[in-house]
Amino acid sequence: MTLQVYNYLTRQKEPFKPQERKRVNMYVCGPTVYDHAHLGHVKLYVAMDVVVRYLRYCGCTVRYVQNITDVGHLLDSGEDRILKGARRERVEPMELVETYSASYFRDMDALGVVRPNISPRASCHIPEQIEWVKTLLEKGFAYEVNGNVYFSVEKFAEYGKLSGRRIEDLEPGARVEVREEKRHPADFALWKRAEAEHILQWPSPWGWGYPGWHIECSVMATKYLGETFDIHGGGLENIFPHNECEIAQAEAATGKTFANYWLLTGSLTIDGVKMSKSLGNYLSIQDALRLYSPYAIRAFILSAHYRGPLDYSREAMEAAEQGVRRLHNTVRAVRSRLKSASPQATADLSYIADLDPYRDAFIAAMDDDFNTPQAIAALHDFARAVNKMLDSQQIASGGTLATIDGMFRDLGGKVLGIIPDDLEPPGVGQELLGGLMEIILDLRQQYRLEQKWQEADALRERLLEMGIVVEDRTEGPSWRLEL
RNA sequence: GGCGACGUAGCCAAGUGGUAAGGCAGGGGUCUGCAAAACCCUUAUGCGUCGGUUCGAAUCCGACCGUCGCCUCCA
């Protein structure tokens, strides 16, 4: 494998070498489930999805862990996001968590995002987190004040190594008021004392309370992936303080490197501003799926490199939709030709040999830090070559067509997830529909032979109104459902 | 104030020293009864601005301008 990845720890591209050959352990910071996910979240999860898919395509066994934050993630006001959501909807906190976890998975499924192997919840790992805090206290990296336990950043010499910040550079209280009881303004909470009205609380050696936001990731990542694992992914905007704190807690406790490679993604913006819940400039995934196909949404996100920012606009999404449609048209044509191709015909070896450069270009792009824009470009170049061959009326053998289809399935399907295995929408009555369409198209051909253009066109128009596109190709009429 | 990212055609966006990928949109053409699809040609003497290094810079260096993110709990 010659995969190169940009590692935020070293700020450069490095050859990717998992600890164990062909086995990759990977962790990505997951959602806080207090509301529906929106397109902004999708950029991270689709990008990481493609990382996982590509590693698997390269033959690696990937254990992908992505947490579900259901406790301890506070708002600027100091209010727990989960509790605020629960109050808003007048439900139990854990009821809210169930609702939005389900919503999150439903959205990700709809977008073809492969599920993590493990989706651990913070609230299910309270004992482990308490143990971890105890360890940090014993080792002298933490201190307790009034039922709160803080991590002492001055005790951890490497604090800031990921984000490139120095403690002296931080402006205390820039956003959140500094708590007097902290020894250093930059110290962060490992465990927080819960007031009586705080519903989510657990007993601990320091009284009733709940874990700080950062500790869950350190604890759950190491629990399922080992003290040192291969890849830690996340959004660039969380590099500080969240990711930095994860490293500090983990490495202070274990004395070992936390994660070897840090892959961080740029934000999705809209009109140049980050799409976020708090700004209200977001598009929910459900709404986005009403406007665009899941393949277009993925293609849009993958049209920019994962590390950079990407600006959402109606125009850009339409462009992605059209681009993906072009690829689907080619794949549909190949599969349709494949049905009538003779299966025992020998493969056109010279043409298959010509396929290699396209696959190589795709692989080279992906090997270069998952350069999906270039990989998609390679797919488009490939589609053009295939279209040319189909147009030229060369008799392609079943073997050649199957190889081409296989490439689209592998590269566009398995790796990028922008080409489905079945282009026609699933559902009952497919055979009935096929039979009916055959009758209608036969009738229309009869009109055309008789040069009754008005009747033929009217038929096509009415079918189009129902979402059935009819195209008269040189090899005969074809139809497809367009949603 | 500090740290960081970004600025490439009408739009989205690759390219990080060798003379500007790809997609969308636009224009022209081929094919077609028409349409669609597809294919061909075409669209940045130019990569925020100004300097510098170099035989050669979108790519390296410096300054400046602009946009955005983060600075203790927003993916």
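Please read all numbers here as calculations on a predicted model, not as lab measurements. Note that these values count all heavy atoms, side chains included, but never hydrogens, waters or copies made by symmetry. All chains are named by letter (A, B, ...) in the order of the sequence lines, taking the proteins before the strands, and each is independently numbered beginning at 1.
Counting only heavy atoms from C-beta outward, the side chains of A/Leu283 and A/Tyr312 approach each other to under 4.5 Å.
Comparing B/rC11 with B/rC70, their C1' atoms sit 29 Å apart, to the nearest whole Å. Atom name P, nucleotides B/rA21 and B/rG28: the rounded distance is 24 Å, in whole Å. Separating the P atom of B/rC47 from that of B/rC34 is a span of 45 Å, rounded to the nearest Å. B/rA9 and B/rA13 are spaced 10 Å apart, taking the P atom of each and rounding to whole Å. When the C1' atom is compared between B/rG22 and B/rU43, the two are found 15 Å apart, to the nearest whole Å. As rounded to the nearest Å, B/rU45 and B/rA58 have C1' atoms that lie 14 Å from one another. For B/rC71 and B/rU8, the C1' atoms lie 31 Å apart once the distance is rounded to whole Å. Rounded to a whole angstrom, the distance from the P atom of B/rU16 to that of B/rG10 is 24 Å.
With a cut-off of 3.5 Å on both Watson-Crick or G-U wobble distances, the partner of B/rG69 is given as B/rC3. For B/rA9, there is no paired nucleotide, since no Watson-Crick or G-U wobble pair has both relevant distances below 3.5 Å. Across all strands shown, B/rA63 pairs with B/rU49; the Watson-Crick or G-U wobble distances both stay below 3.5 Å. Look at B/rA20: it lacks any Watson-Crick or wobble partner with both distances under 3.5 angstrom. In a base pair of the Watson-Crick type (N1 to N3 plus N6-O4 or O6-N4) or a G-U wobble (N1-O2 and O6-N3), with each distance short of 3.5 Å, B/rA44 is matched with no nucleotide. Under the Watson-Crick or G-U wobble criterion, with both distances below 3.5 Å, B/rC39 is paired with B/rG29. Look at B/rC34: it lacks any Watson-Crick or wobble partner with both distances under 3.5 angstrom. When both distances must be under 3.5 Å, the Watson-Crick or G-U wobble mate of B/rU54 does not exist.
A/Met275 comes within 4.0 angstrom of a base, heavy atoms only. When heavy atoms are screened at a 4.0 angstrom cut-off, A/Thr265 is found touching no nucleic acid atom at all. Heavy atoms of A/Thr330 sit nowhere under 4.0 angstrom from any nucleic acid atom.
With salt bridges taken as basic N to acidic carboxylate O contacts below 4.0 Å, none links A/Asp35 and A/Arg81.
Smallest separation of non-hydrogen atoms from A/Pro309 and A/Ala304: O-CB, 4.3 Å.
With A/Asp368 as the partner, the side chain to side chain donor-acceptor pair (under 3.5 Å) test is satisfied by one option alone out of A/Gln374, A/His305, A/Lys13: A/Lys13. Put simply, the residue from A/Arg307, A/Met48, A/Glu237 that forms a side-chain contact (heavy atoms from CB on, under 4.5 Å) with A/Thr265 is A/Met48.
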- Heavy-atom contacts, protein to nucleotides 12-22 of chain B, under 4.0 Å, summarised as B (base), S (sugar-phosphate only) or - (none) per nt, yield SSSS-----BS
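Nucleotide B/rU72 holds its C1' atom 12 Å from the NE2 atom of A/His184, rounded to whole Å. Distance CG (A/Leu264) to P (B/rG69): 18 Å, rounded to an integer number of Å. Protein atom CD of A/Gln322 is 19 Å distant from nucleotide atom P of B/rC11, rounded to whole Å. In this structure, CG of A/Leu390 is placed 17 Å from C1' of B/rU30, rounded to the nearest angstrom. Look at CD on A/Glu321: it is 17 Å from P on B/rG23, rounded to the nearest Å. Atom pair A/Met317:CE and B/rG23:C1' shows a separation of 13 Å (rounding to whole Å applied). Computed from coordinates, the A/Arg314 CZ to B/rG10 C1' distance equals 18 Å when rounded to whole Å. Here B/rG1 presents its C1' atom at 13 Å from CZ of A/Arg165, a figure rounded to the nearest Å.
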Report each atom pair, protein N/O against N/O of nucleotides 32-35 of chain B, whose distance is under 3.5 angstrom.
residue, atom, partner, partner atom, Å
B/rG33, N7, A/Arg448, NH2, 3.3
B/rG33, O6, A/Arg448, NE, 3.1
B/rG33, N1, A/Asp457, OD1, 3.1
B/rG33, N2, A/Asp457, OD2, 2.8
B/rC34, O2, A/Arg460, NH2, 2.7
B/rC34, N3, A/Arg460, NH1, 3.1
B/rC34, N3, A/Arg460, NH2, 3.3
B/rC34, N4, A/Asp472, OD2, 3.1
B/rA35, N6, A/Asp472, O, 2.8
B/rA35, N1, A/Asp472, N, 3.0
B/rA35, N3, A/Arg460, NH1, 2.9

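Nearest-nucleotide positions on RNA chain B for A/Leu39 and A/Val469 put A/Val469 closer to the 5' end. Both A/Gly30 and A/Gly323 sit near RNA chain B, but only A/Gly323 has its closest nucleotide nearer the 5' end.
In this structure, the separation between CZ on A/Arg326 and NE2 on A/His380 is 6.0 Å, given to the nearest 0.5 Å. Atom CD of A/Gln66 is separated from atom OG of A/Ser119 by 6.5 Å, given to the nearest 0.5 angstrom. Atom OH of residue A/Tyr210 and atom CD1 of residue A/Ile126 lie 11.5 Å apart, to the nearest 0.5 angstrom. Distance CD/A/Glu251 to OH/A/Tyr159: 13.0 Å, rounded to 0.5 Å. Interatomic distance, CD of A/Glu14 versus CG of A/Leu9, reported as 8.0 Å (0.5 Å rounding). One finds the CD1 atom of A/Ile118 at 13.0 Å from the CD1 atom of A/Ile68 (value rounded to the nearest 0.5 Å).
Residues passing the salt bridge (charged side-chain N to carboxylate O under 4.0 Å, His left out) test with A/Arg444, sequence neighbours excluded: A/Asp472.
Side-chain atoms of A/Asp391 lie closest to B/rC39 of the nucleotides B/rC39, B/rC24, B/rU72.
Contact check, A/Asn329 against B/rA37: no side-chain N or O comes under 4.0 Å of OP1 or OP2.
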